[in-house]
Amino acid sequence: MKLYNTLTRKKDDFSQPKDREVGIYTCGPTVYNYAHIGNMRAYIFADILVRYLRYSGYSVKHVMNITDVGHLTSDSDTGEDKVEKEAKLERKTAWEIAEKYTNAFFEDSKALNIKKPDVVVKATDLIKDQIDFIKGLEEKGFTYALEDGVYFDTSKLKDYGKLARLDIEGLRAGERVDIKEKKNKTDFALWKLSPKDKKRDMEWESPWGKGFPGWHLECSAIGLKYLGEQFDIHTGGIDHVNVHHTNEIAQGEALTGKIPAKIWMHSEFLLVGDTRMGKSEGNLVRVTDLGVDPLAYRMLVLQAHYRDPLNFTDESIKAADTALKNLRNDIKELKSLSSESGSDNTNKSFIDAMNDDLNTSQALASIYSFIKDAKKKKTGEIVKFILEVDKAVLGLDLDKEDIIPENVKKLVENRENAREDKNWVESDKIRSEIEKLGYTVEDTQSGPTIKKI
Ligand code: AMP
Ligand code: ZN
């Protein structure tokens with residue numbers, strides 16, 4: 001199996017012995033608002049990775065954080081804490097805000113068939129470990145104090161920025177650093193002191209004064225505690241490469257001498273037109289706003305490769321919804337066919353696609369071709385395999401049959417009676433009534449079948 005590693009900029013071989021647990025860490029949501037479907041793309045991607053590794057016979061330990069403190073409005077360690085800011089707006093405490101949006105995140109995840117990671121840890125659950133982490137960095141000489149907190153000195157690492165291939169020389173040549181400011185432009189906060197004039201809801205005592213941890217630290221501390229000094233795979237959205245993951249690597253290497261993960265995987269953005277979906281862009285859509293089965297969005301995401309940007313439009317989500325319905329109808333049809341007539345279908349093309357850096361769009365194409373073949377040969381044999389990979393990996397609920405409303409069933413019955421009486425005018429009239437309700441009837445030898453349009 002090959003997985004694209006941002007660190008090496010190539011598809012690396014993933015060939016662990018199957019008896020060894022695979023450790024995966026996913027950067028979780030910042031719970032200051034509802035997650036939008038762009039955010040959810042990153043979690044669908046991580047879910048597919050974990051599910052596919054399990055399907056391939058690995059045992060996986062999947063760990064994710066919940067950022068409930070320390071994520072500031074600016075990536076350069078200035079601005080307000082996002083959760084505290086929202087708390088003021090909603091007239092709630094930061095704790096209440098974090099709880100509200102954490103619950104909403106897991107509801108949305110459930111609607112998208114995203115399995116809950118084995119370990120979910122809030123940043124605020126692990127403050128002591130984060131303080132100990134900073135102490136360790138301090139002992140090794142990687143920190144310095146400023147008026148507003150403790151910072152990591154990125155110039156102390158010989159190859160800071162290697163994940164993003166940052167042009168450090170270029171960055172440093174152009175910088176002017178005020179004496180009261182950070183020593184290097186790329187330095188980042190490990191511990192921020194609470195502002196003197198404001199009372200925060202979330203703050204803790206520390207050897208450096210009352211305050212809260214920097215955003216990057218939680219992932220380093222949680223990864224270290226639950227997965228060890230170096231685990232297998234780290235996932236996140238593409239925007240994490242330049243700052244967040246670069247700094248996670250810096251902290252981890254400085255403390256343990258090891259890069260925290262071997263493979264770093266990043267999913268691309270969901271776009272609306274030319275811009276990413278994002279809060280500051282004002283183009284958010286939440287799972288509950290979709291107006292279609294949320295799994296149609298999962299389908300849309302799987303139709304693209306995770307490393308390609310994906311455009312979200314009314315048309316694209318509608319088309320994905322139709323594609324999902326059609327696929328479910330195909331499965332229903334195949335299930336009614338005999339599975340004894342033998343088929344030379346093999347599932348190899350599906351596995352090959354997934355083994356090639358989780359190429360879900362190719363994997364779906366292989367399912368379409370299985371179905372086409374099966375229909376031609378009138379055999380339902382492949383349906384078992386499709387439903388197995390759907391349950392284990394794709395998570396599209398392909399076995400789900402639309403529940404036909406009672407009034408539609410009644411109309412179909414009336415139409416059958418009209419047909420028996422050879423009252424074609426009446427039967428056509430009822431058919432169009434059924435269609436107005438969003439269903440169609442097909443007359444087969446074994447009686448009428450009802451499908452959603
Ligand atoms: P946040 O809640 O801001 O910490 O982000 C949660 C996840 O969503 C991160 O992995 C981001 O990289 C990812 N993300 C944010 N915006 C988008 C987007 N428009 N498309 C895809 N992923 C995104
Ligand atoms: Zn993280």
Side-chain angles (χ1 to χ4, degrees), residues 6 24-47 49 63-75 79 81-83 85-86 97-98 101-102 104-106 108-109 112 114 117 120-123 126 130 133 163-164 188 213-224 226-227 231 233-252 260-261 264-287 297 300-301 304-312:
T6 307
I24 301 184
Y25 187 90
T26 295
C27 286
T30 308
V31 284
Y32 69 114
N33 219 308
Y34 294 112
H36 55 76
I37 56 171
N39 299 134
M40 299 318 282
R41 185 181 186 194
Y43 302 107
I44 293 175
F45 153 66
D47 182 57
L49 170 69
V63 179
M64 186 178 81
N65 66 302
I66 298 286
T67 300
D68 53 357
V69 71
H71 197 169
L72 303 186
T73 45
S74 156
D75 264 1
D81 185 310
K82 293 185 179 189
V83 176
K85 185 177 172 196
E86 184 65 23
I97 291 296
Y101 293 115
T102 303
F105 172 78
F106 284 115
D108 293 352
S109 297
L112 291 168
I114 296 171
V120 176
V121 191
K122 296 177 202 159
L126 227 61
Q130 294 177 74
F133 203 109
L163 178 73
F188 55 90
W215 172 38
H216 318 299
L217 191 60
E218 65 185 84
C219 292
S220 290
I222 295 169
L224 181 65
Y226 291 95
L227 296 169
F231 46 90
I233 305 172
H234 197 309
T235 82
I238 192 79
D239 54 329
H240 284 165
V241 176
N242 279 3
V243 180
H244 183 53
H245 288 173
T246 289
N247 293 345
E248 260 190 76
I249 290 179
Q251 291 167 152
W264 293 74
M265 296 179 78
H266 296 99
S267 52
E268 257 291 350
F269 281 140
L270 182 75
L271 306 176
V272 182
D274 292 334
T275 38
R276 67 181 271 197
M277 185 172 282
K279 193 156 198 270
S280 40
E281 286 75 11
N283 54 9
L284 302 189
V285 178
R286 194 188 158 195
V287 172
Y297 178 65
L300 181 70
V301 168
H305 192 270
Y306 77 88
R307 282 193 290 121
D308 288 331
L310 172 63
N311 207 358
F312 180 80

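Counting convention: from 1, in listed order, for ligands and their atoms alike. This is a predicted model, so every value here is computed, not measured.
Taking any N or O of Gly278, backbone or side chain, none lies under 3.5 Å from an N or O belonging to ligand 1. The shortest N/O to N/O separation between Glu268 and ligand 1 does not fall below 3.5 Å. Every N/O-N/O distance between Ile238 and ligand 1 stays at or above 3.5 Å. Remark: ligand 1 and Met277 share an N or O pair separated by less than 3.5 Å (distance only, no angle test).
Contact check for Val69 versus Val83: no side-chain heavy atoms found under the 4.5 Å cut-off. Residues Tyr101 and Asn33 are in side-chain contact: their nearest non-hydrogen atoms beyond the backbone lie under 4.5 Å apart. Between Ser109 and Tyr43, every side-chain heavy-atom pair lies at or beyond the 4.5 Å cut-off.
At a 4.0 Å heavy-atom cut-off, ligand 1 touches His36 through the side chain alone.
Relative orientation of the Tyr306 and Phe45 rings is parallel, given thresholds of 30° and 60° on the angle between their planes. Between Trp215 and His244, the two ring planes are parallel [angle under 30°; tilted spans 30° to 60°]. Ring geometry for His216 versus Phe188: interplanar angle over 60°, hence perpendicular rather than tilted (30 to 60°).
There is a side-chain donor-acceptor pair under 3.5 Å between His234 and Glu248. Checked by atom type, the side-chain pair Glu281/Thr275 shows no donor-acceptor distance below 3.5 Å. Side-chain contact annotation: Tyr32 with Asp81, donor-acceptor N/O pair under 3.5 Å absent.
Closest heavy-atom approach to atom 5 (O) of ligand 1 among the candidates Thr235, Val272, Thr30, Asn39: Asn39. In this structure, of Tyr101, Tyr32, Phe269, Tyr43, the residue bringing a heavy atom nearest to atom 18 (C) of ligand 1 is Phe269. Relative to atom 16 (N) of ligand 1, the option among Arg276, Lys82, His245 with the closest non-hydrogen atom is Arg276.
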Steps toward side-chain hydrogen bond (donor to acceptor under 3.5 Å, both in side chains) verdict (Tyr25, Asn65) | CA-CA 8 Å; Tyr25 187 90; Asn65 66 302; 3.2 Å; yes
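Among the atoms of Cys219, an N, O or S atom falls under 2.8 Å of the Zn ion (ligand 2). Inclusion of Cys27 in the first shell of the Zn ion (ligand 2) is supported: an N, O or S atom falls under 2.8 Å. Taking backbone and side-chain atoms together, His216 has no N/O/S atom less than 2.8 Å away from the Zn ion (ligand 2).
The contact set between ligand 1 and Ala42, taken as ligand atoms under 4.0 Å from a residue heavy atom, comprises 10 (O). Annotation for ligand 1: atoms under 4.0 Å from non-hydrogen atoms of Pro29 are 2 (O).
Counting protein heavy atoms only, atom 12 (O) of ligand 1 is closest to Asp239 OD1, 2.3 Å. Scanning the protein for heavy atoms near atom 10 (O) of ligand 1, the closest one is Gly237 N, 3.1 Å. Of the protein's heavy atoms, His240 CE1, 3.5 Å lies nearest to atom 9 (C) of ligand 1. Ranking the protein heavy atoms by distance from atom 20 (N) of ligand 1 puts Leu270 N, 2.7 Å first. With hydrogens left out, the protein atom closest to atom 22 (N) of ligand 1 is Gly38 O, 3.0 Å, a heavy atom.
We find the CE-CG distance between Met277 and Leu271 to be 9.5 Å, quoted to the nearest 0.5 Å.
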